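On a predicted model such as this, the values are computed, not experimentally measured, just so you know.
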Amino acid sequence: MKKQVHVVGAIIENDKQEIYCAQRSPQMSLPNYWEFPGGKIEKDETPQQALKREILEEFTCEIVVGDKVEDTTYDYGTFIVRLETYMAKIVNGTPVALEHSDTKWIKRASLNELDFAPADIPAVEKLLK
């Protein structure tokens, strides 16, 4: 049976209608794809708790988590990912990428210009509507 991973992603939007996107480093699984930052949900964590923890650990800032945007399951061949994405806002700090190779704030209408990981695409499409 394939490994299944349950992860969360934060669609962090600023006051200029720009969304914070992170590019996976060459050392990560799914290298060089862009994604909404986040990570794995740990035992006994809610998706919202996991998002707050992951953003603090990987980007050194605090967020408030809003409404769920999408819940997608994607089979990558060797493993299956369930990705829940939520709207979020930064409430403390400025994001600094500790694990990703690049990050950028991008206008919502321009999201399709980035090469997103397949599991993130349904959320991207919903944001573009």
Assess whether atom CG of D67 is packed by more than 12 heavy atoms of other residues, nucleotides or ligands within 6.0 Å.
-> no

Tell me, do W34 and K104 make a side-chain contact under 4.5 Å, heavy atoms counted?
-> yes

Is L128 linked to M87 within one hydrophobic cluster, defined over Ile, Leu, Val, Met, Phe, Trp and Tyr using a side-chain heavy-atom separation of less than 4.5 Å?
-> yes

Heavy atoms only: give me the nearest I90-P95 pair and the separation to one decimal.
-> CD1-CD, 3.5 Å

Which atoms form the tightest heavy-atom contact between I55 and G38, and what is the distance?
-> CD1-N, 4.1 Å

Is any side-chain heavy atom of R24 less than 4.5 Å from a side-chain heavy atom of S29?
-> yes

In this structure, which one of R108, K107, K89 forms a salt bridge (charged side-chain N to carboxylate O under 4.0 Å, His left out) with E13?
-> R108

pair L83-Y74: side-chain heavy atoms closer than 4.5 Å | no

Between E58 and L98, is any pair of side-chain heavy atoms under 4.5 Å apart?
-> no

On a heavy-atom basis, the closest approach of S101 and P26 is CB-CD, 4.3 Å

What is the minimum heavy-atom distance between Q23 and N32, and which atoms define it?
-> NE2-O, 3.1 Å

CD1 (I41) and CZ (R82) are apart, to the nearest 0.5 Å, by 7.0 Å

Quick one: do E84 and Y86 satisfy side chain to side chain donor-acceptor pair (under 3.5 Å)? Show the steps, please.
-> CA-CA 7 Å; E84 293 185 61; Y86 291 83; 3.0 Å; yes

Once you round to the nearest 0.5 Å, how far does CD1 of I106 lie from CD1 of I19?
-> 9.0 Å

Is there side-chain contact between T103 and F59, with heavy atoms separated by less than 4.5 Å?
-> yes

Nearest-0.5 Å distance, CD of residue Q4 to CG of residue D75 | 9.0 Å

Atom of L111, atom of C21 and distance for their closest heavy-atom approach | CD2-SG, 3.7 Å

Flag if over 12 foreign heavy atoms under 6.0 Å of NZ, K2 | yes

From L127 atom CG to N112 atom CG, the distance as rounded to the nearest 0.5 Å | 11.0 Å

With side chains defined as the heavy atoms from C-beta onward, is the minimum distance between Y20 and N14 less than 4.5 Å?
-> no

Can you name the nearest heavy-atom pair linking P37 to L51, along with the distance?
-> O-CD2, 4.0 Å

Verify, without hydrogens or angle tests, whether T85 (side chain) and G9 (backbone) share a donor-acceptor contact under 3.5 angstrom.
-> no

Separation between CD (Q48) and CD1 (I63), nearest 0.5 Å, reads 10.0 Å

For residues V7 and V81, determine if any side-chain heavy atom of one lies less than 4.5 Å from a side-chain heavy atom of the other.
-> yes

Between F116 and F36, is the gap from one ring center to the other below 6.0 Å?
-> yes

Is it the case that one hydrophobic cluster holds both Y33 and F79, taking links as side-chain heavy atoms less than 4.5 Å apart, direct or via other members?
-> yes

Reported CD-to-NE2 distance for the pair E45 and H6, which is rounded to 0.5 angstrom = 11.0 Å

Going only through I, L, V, M, F, W and Y residues with side-chain contacts under 4.5 Å, is there a path from V69 to V8?
-> no

Please examine the side chains of H100 and M28, heavy atoms only from C-beta on, and report whether any two atoms are closer than 4.5 Å.
-> yes

